[in-house]
Amino acid sequence: MEKKNTWETYSHKQLKEVDEFAKEYMQFLDMGKTERECVDTIVNTIEKDGYKELQEIIKEKGKLKKGDKVYAVCMNKAIAMFRIGEKPMEEGMNILGAHIDSPRLDVKQNPLYEEGGFAYLDTHYYGGVKKYQWVTIPLALHGVIVKKDGTTIELAVGENEDDPVFFISDLLIHLAQEQLEKKASKVIEGEALDLIIGNKPFLIDKKDKEEKKDKEEKGAAKEAVKKGILAILKENYEIEEEDFISAELEVVPAGKAREAGFDRSMILAYGQDDRVCAFSSLKAMLEVEESKRTACCLLVDKEEIGSVGATGMQSRFFENTVAEVMNLLGQYSELALRRCLTNSCMLSSDVSSAFDPSFASSFDKKNVAYLGGGMVFNKFTGSRGKSGSNDANAEYLAHLREIFDKENINFQTAELGKVDLGGGGTIAYILALYGMNVIDSGVAVLNMHAPWEATSKADVYETKRGYVAFLKGAKL
Ligand code: MN
Ligand code: MN
């Protein structure tokens, strides 16, 4: 089958829109490097668009009606948005679902130590990473520290030009003969991913020194660098060492999203899996002003580690929120809720692997997504004989083809890679448990899960167009 290059399908006006959309997307990436930051950014955006918080409406004993916009947040890490359509919810919604967590290194609960004159934060990686990619690059620290009294301290260090950054060391090439014999999965081990955060001992001025000499001499000499870091944390953030126990700190690549290529056709940035689908879903949701069926955008956490936990897709958060929304519409019953979920259509929006000519043998050229090839549909994901996959129905795919062709959306169908080479999963199978039609769809990404991932500006824009067409047209 002949595949179109998306760039060639655009008018002059659309080419301009592609660039504007990419610019906005890159800002979104810069503002949301953690799931909490993403939720904050999204809430700020949608409240300006008239979205109201569900719990607020419940508290005020309010109601919902056709055309209303409402959202619910789960523990600051997942969000569900609804724009109420003309038809009763029982007839089903059109749902765009994506995830806002990305692979990274999480700081452990007892992380701070000193060794060889360096202060370190010990980490535990989150999601699938090639560990050797995370050494010797500038890293930033984002997250929250919650004090015992409930105060939350937000932290983001390493993004501004005059911020310090952090890094993980690697062995110099001169001494790496043995290291380079190792398997790539062992070259850098999980426990070696410790972040260097300081090298200067705590300095006491001369007068104090005299006074404290006896008391402090031994202690200060022992862990003076760690002590220095603790003094800075105390001064700048009011943090004590024990506060790491109730912190969620994420180590992510430092720096802003960049345009890539002389032609500026691509975007190179951290966390595009899956914030690229989250952003395009959000924008589609805001663009579609009315629809027959209720439109829903669901952005969840923990996809990268199996969709577990209260904020992951497997939690009851979404189902409970739909029940609350139906209740406020005066449409709730247990049966109506079940029907609503069963009758819904969903695009489980996640990234797909892009064909990489440097590793051509890992892909089936006929069934792979190409950067610039438009929005991607993965009928199934999984691994080894489709294991663990949601395999979308042919009838559903036919319906989507009809909608997309009508709106001239450039799309491609793909598998993650060659049969039996590996695989992956998304949130699709979890929503499919309700009996609704779900298919994996989204944007192709080059070097997925690397600190810096690449996408095509054209694909990002085209995928948003696809989501708009879906929200307006799906009704299976
Ligand atoms: Mn993903
Ligand atoms: Mn992923």
Side-chain angles (χ1 to χ4, degrees), residues 25 28-29 32-35 38-39 42 77-79 95-106 125-131 133-134 250-253 257 267-282 297-309 311-314 346-354 356 362 368-369 371 375-383 388-390 392 414-417 421-432 438-456 459-460 463-464 466-467:
Y25 166 49
F28 178 81
L29 287 173
K33 285 202 161 180
T34 67
E35 47 282 33
C38 280
V39 165
I42 293 163
K77 288 187 267 191
I79 183 166
I95 307 168
L96 295 172
H99 67 93
I100 47 178
D101 60 317
S102 296
R104 59 179 188 253
L105 313 177
D106 282 342
Y125 69 95
Y126 172 97
V129 298
K130 285 181 168 176
K131 290 162 211 135
Q133 293 178 333
W134 290 74
E250 304 180 9
V251 180
V252 298
I267 295 163
L268 190 71
Y270 164 70
Q272 300 203 67
D273 173 8
D274 184 30
R275 290 170 193 143
V276 66
C277 295
F279 177 75
S280 31
S281 295
L282 169 72
C297 176
L298 176 62
L299 305 175
V300 290
D301 178 29
K302 299 284 184 282
E303 192 276 342
E304 297 294 356
I305 59 167
S307 297
V308 290
T311 53
M313 192 62 243
Q314 292 191 50
M346 184 193 192
L347 294 184
S348 166
S349 298
D350 208 338
V351 294
S352 190
S353 56
D356 186 339
S362 298
V368 66
L371 221 67
M375 183 171 160
V376 188
F377 282 115
N378 290 81
K379 187 176 183 293
F380 52 86
T381 57
S383 50
S389 164
N390 161 64
E415 296 191 22
L416 208 56
L421 272 195
T426 64
I427 59 170
Y429 75 96
I430 305 163
L431 276 298
V438 186
I439 187 166
D440 282 298
S441 69
V443 177
V445 171
L446 203 65
N447 35 279
M448 191 192 294
H449 281 211
W452 294 83
E453 302 169 316
T455 55
S456 155
D459 293 340
V460 182
T463 300
K464 189 270 293 174
Y467 292 163

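As the structure lists them, so they are numbered: ligands from 1, and atoms in each ligand from 1.
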If only side-chain N and O atoms count, and only distance matters, is there a donor-acceptor pair under 3.5 Å linking Q272 with T455?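 Side-chain D/A pair, T455 to Q272: present.
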Using only heavy-atom distances, determine whether the side chains of Q133 and H449 contain a donor-acceptor pair under 3.5 Å. no
Do R104 and E35 sit within salt-bridge range, that is, some charged N less than 4.0 Å from a carboxylate O?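 Judged by the 4.0 Å cut-off on N to carboxylate O distance, R104 and E35 do form a salt bridge.
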Under-2.8 Å protein N/O/S neighbours of the Mn ion (ligand 1), ordered by chain then residue number: H99 NE2, D273 OD1, D350 OD1, D350 OD2
Residue list, ring pair (Phe, Tyr, Trp, His ring centres under 6.0 Å) with F279, at least two apart or on another chain: F21, Y25, F28
Gap separating the CD1 atom of I100 from the CD1 atom of I79, nearest 0.5 angstrom: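 Result: 7.5 Å between the selected atoms.
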Let me confirm one number: the CG-CG distance from N378 to D350, rounded to the nearest 0.5 Å. 9.0 Å
To the Mn ion (ligand 2), the closest N, O or S atom belonging to H449 is NE2
